[in-house]
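Take a look at the structure below.
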Amino acid sequence: APRPTEGSVRFEPALGGRTFDRPVEAGAYPAGPDRSAMFVTEQSGLVLVFHEGRESTLIDLRAQVSRSGNEEGLLSVELDPAFTSNGHVWLYYSVAGGQRRTRLSRVTVDLARAPYRADPASELVVLEVPQPFSNHNGGAIRFGPDRMLYLGLGDGGSGGDPQRHGQNLGTLLGSVIRIDVLAATPDRPYTVPADNPFVGRAGARPEIWAWGLRNPWRMSFDPATGVLWLGDVGQNASEEVNVIERGGNYGWNVLEGFACFLTPGSCDRSGKIHPVVVYTQGFGKRECSITGGVVYRGSAVPALRGHYLYGDFCSGALWALDVESRGEPAQLATGVGSIASFARDAAGEVYVLAFGKPLLRIVAR
């Protein structure tokens, strides 16, 4: 296939052109034989299902989700690997009331009646993480090929990581955690896999899989290779694309991108994993906040096969990176909108989620 270039793709409104306010997650929804069924998550706390031309509410958490900060809300939704038999849906959100915190939990939907609806009383709280500030909550929930749950957590917020969470293995903030939730119960909501890298290390949280992250906004597994790709939002200069490795330290806040952050020009780079791609925050094009994406393994756009697609929230730019060569990314488009996330449908086709717009399916021009 030819190398993707700007103008080689276009964007087709999906779900009848229905627009969304602040969509942060979407994906295939296995509601019977209709392979076009999808769920869409609004940051306010709603999860909607679109099935056979109809819209229904799967989950309504608005009463318990905090939206006091711009980056707070219902931030991620993931269906259980065995959803069609157990009806489990996993959620990560900012909790309204009390101490500022984020919550990972599970609800169960009634599989007896399509397109189903979650029972609010079924919520099982798995993990709560105190949050010192209202930003940098990260939050993407993803099940890996190993059926473990991975969750990306930001450094706790403010600016510059004032509490030095990024380089502290004693906190879950600033890390990707990996836990086993498939047999979750109220008495034992999760277990730590024995092969996690910091199990048994004094002073380290054993849940941590990788660390040294600032605000991992969206991550995803390549369905063909199982590699975990992540977009990490930068501070003042650089936005990062990272490939997450077991036990990897990605440098924040010693490093931002390839550069020393705390002590410009000189810092200890030993043991730090550099990004695969860095782009600078440009005042002309207004790039300022990466939105991590997905590796395209669909069939409708051959030029994109094997490319990691990611975007920028401020400029609306969209790029494609060849995951094998990891060379210079190709810019596919600009001005797409406030890109907040990416999604795949049941056929592996990819959608861009942008605030105030319909889901935009990427198709060949």
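All values derive from a computational prediction rather than experimental measurement.
- What you find for E72 and L75 is that their closest heavy atoms are C-CD2, 4.2 Å.
- R201 is not listed as a side-chain neighbour of P206, based on a closest heavy-atom distance of 4.5 Å or more.
- Ion pairing between a basic and an acidic side chain is recognised when a charged N comes within 4.0 Å of a carboxylate O; E25 and R218 show such pairing.
- Ring geometry, W319 versus Y279: the interplanar angle falls from 30° to 60°, so the pair is classed tilted.
- A donor-acceptor pair under 3.5 Å is formed between the side chain of R365 and the backbone N or O of G7.
- Applying side-chain contact (heavy atoms from CB on, under 4.5 Å) to L74 and the options I59, V47, L46 leaves one that passes, V47.
- Salt-bridge formation is detected for the pair R178/D195: a Lys NZ or Arg NE/NH1/NH2 atom is positioned less than 4.0 Å from an Asp or Glu carboxylate oxygen.
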- Item | S122/R106 under side-chain contact (heavy atoms from CB on, under 4.5 Å): CA gap, chis, key distance, verdict | CA-CA 8 Å; S122 70; R106 187 195 76 194; over 6 Å; no
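- Across E256, H165, Q235, a single residue satisfies side-chain contact (heavy atoms from CB on, under 4.5 Å) together with R214, and that is Q235.
- If you run ring pair (Phe, Tyr, Trp, His ring centres under 6.0 Å) between Y150 and each of Y92, W90, F143, F221, only F221 comes through.
- Taking the side chain as every heavy atom from C-beta outward, P223 and R344 approach each other to under 4.5 Å.
- Not a single donor-acceptor pair under 3.5 Å links the side chain of Q131 to the backbone N or O of T102.
- For D110 and R117, the salt-bridge test fails: no basic side-chain N is under 4.0 Å from an acidic carboxylate O.
- You'll find the side chain of E239 reaches within 4.5 Å of the side chain of V233, heavy atoms only.
- Side-chain atoms of R18 and L48, non-hydrogen and from C-beta on, do get closer than 4.5 Å to each other.
- Atom CD of Q64 and atom OG of S94 lie 12.0 Å apart (nearest 0.5 Å).
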